[in-house]
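To start, the structure itself, in structure tokens.
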Amino acid sequence: MISFNYETDFKLENETQVSNWISQTISSENCNEGEINYIFCDDDYLHKLNVEFLDHDTLTDIISFDYSVGKELHGDIYISIERVLDNASDFEVKFSEELLRVIIHGILHYCGYKDKSENDAKLMRGKENYYLDTLN
């Protein structure tokens, strides 16, 4: 089950469509959907989590806590709407596109994709683009 939670004024307009897209992505990656919570928040909220749980004193667009068991995906995905807005501006893309990229990025991590090395990041970006195209 995918749920969307809000710790800021932002509200996802098309929850059902996005939820179905996430479910299809999980299935396409040969994984099973467990409980996945998206929490949309602001920079301050996410920064506190970053410092407290990851010991990183930086701003970020997404933090995911993965509680998956094997191929059954479970977790909490925190997304800073402020960071997504800034990144969309920096990358010169629509906010909605950048938001969807970050949303699916968290799921791809749960599916086993990494992004620390250049090759891993390239594969992750390719998967993001592929799944973004399936939504459009």
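Positions are given from 1 along the sequence. Quick caveat: nothing in here was measured; it's all calculated off a predicted structure.
Side chain of Thr25 to main chain of Trp21: a donor-acceptor pair is present (N/O by atom type, distance under 3.5 Å, no hydrogens or angles). Side-chain N or O atoms of Ser27 include none that pairs as donor or acceptor with a backbone N or O of Gln24 at under 3.5 Å.
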Quiz item: Would Ile103 and Val18 satisfy side-chain contact (heavy atoms from CB on, under 4.5 Å), going step by step from the backbone distance to the final call?
Solution: CA-CA 9 Å; Ile103 286 171; Val18 172; 4.3 Å; yes
Exercise. Could you give me the CA-CA distance, side-chain angles and deciding distance for Asp115 and His105, then say whether side chain to side chain donor-acceptor pair (under 3.5 Å) is met?
Key: CA-CA 10 Å; Asp115 58 3; His105 181 91; 3.1 Å; yes
Quiz item: What's the verdict on side chain to side chain donor-acceptor pair (under 3.5 Å) for Asp42 and His47, showing C-alpha distance, side-chain angles and the deciding distance?
Solution: CA-CA 9 Å; Asp42 61 18; His47 180 253; over 6 Å; no
Quiz item: Passes side-chain contact (heavy atoms from CB on, under 4.5 Å), Cys41 versus Ile81? Steps please.
Solution: CA-CA 6 Å; Cys41 56; Ile81 295 303; over 6 Å; no
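Considering CD1 of Ile104 and CD1 of Ile77, their distance stands at 8.5 Å, rounded to 0.5 Å. Here CE of Met1 is found 10.5 Å from CD1 of Ile36. Values are rounded to the nearest 0.5 Å. Here the CD1-CG distance, from Ile79 to Asn5, works out to 11.5 Å after rounding to the nearest 0.5 Å. Here CD of Glu35 is found 7.5 Å from OG of Ser3. Values are rounded to the nearest 0.5 Å. Separating the CD1 atom in Ile26 from the SG atom in Cys31 is a distance of 7.5 Å, to the nearest 0.5 Å. To the nearest 0.5 angstrom, Asn50 atom CG is 12.0 Å from Ile62 atom CD1.
Side-chain atoms of Asn87 and Arg101 include no donor-acceptor pair closer than 3.5 Å. At a cut-off of 3.5 Å, with distance as the only test, a side-chain donor of Asp43 or Ser80 sits close to an acceptor on the other residue. Between the side chains of Asp66 and Ser68, at least one donor N or O sits under 3.5 Å from an acceptor N or O. Residues Tyr113 and Glu29 bring a donor and an acceptor atom of their side chains to less than 3.5 Å of each other.
Using the six-membered ring where Trp is involved, Tyr6 and Phe10 have ring planes that are tilted, between 30° and 60° apart. Between Phe40 and Phe4, the two ring planes are parallel [angle under 30°; tilted spans 30° to 60°].
Transitive grouping of hydrophobic side chains (ILVMFWY, heavy atoms separated by less than 4.5 Å) brings Ile107 and Met124 into a common cluster. Residue Ile22 is not grouped with residue Tyr78 when hydrophobic side chains (ILVMFWY) are merged at heavy-atom distances under 4.5 angstrom, including chains of intermediate members. The cluster map of Ile, Leu, Val, Met, Phe, Trp and Tyr, joined by side-chain heavy atoms under 4.5 Å apart, puts Leu108 and Tyr38 in the same cluster. No path of Ile, Leu, Val, Met, Phe, Trp and Tyr side chains, each step under 4.5 Å between heavy atoms, connects Ile63 with Val102, placing them in separate hydrophobic clusters. Following chains of ILVMFWY side-chain contacts shorter than 4.5 Å, one cannot reach Leu99 starting from Phe91, and the two form parts of different hydrophobic clusters.
A 6.0 Å sphere centred on CD of Glu72 holds more than 12 heavy atoms belonging to other residues, nucleotides or ligands. Annotation for Asp55: atom CG does not count as buried by contact number, only 12 or fewer foreign heavy atoms lying within 6.0 Å. Annotation for Phe65: atom CZ counts as buried by contact number, over 12 foreign heavy atoms lying within 6.0 Å.
The shortest side-chain heavy-atom distance between Lys114 and Leu123 does not fall under the 4.5 Å cut-off. In this structure, the side chains of Ser89 and Phe95 stay at 4.5 Å or more apart for every pair of heavy atoms.
When every heavy atom of Tyr67 is checked against every heavy atom of Gly75, the shortest pair comes out as CD1-CA, 3.6 Å. Taking each heavy atom of Asn37 and Ile39 in turn, the nearest pair found is O-CD1, 3.6 Å. Nearest heavy atom pair, residue Gly34 against residue His74, reads CA-CE1, 3.4 Å.
Arg125 has a carboxylate O that lies under 4.0 Å from a charged side-chain N of Glu128, or vice versa, which qualifies the two as a salt bridge.
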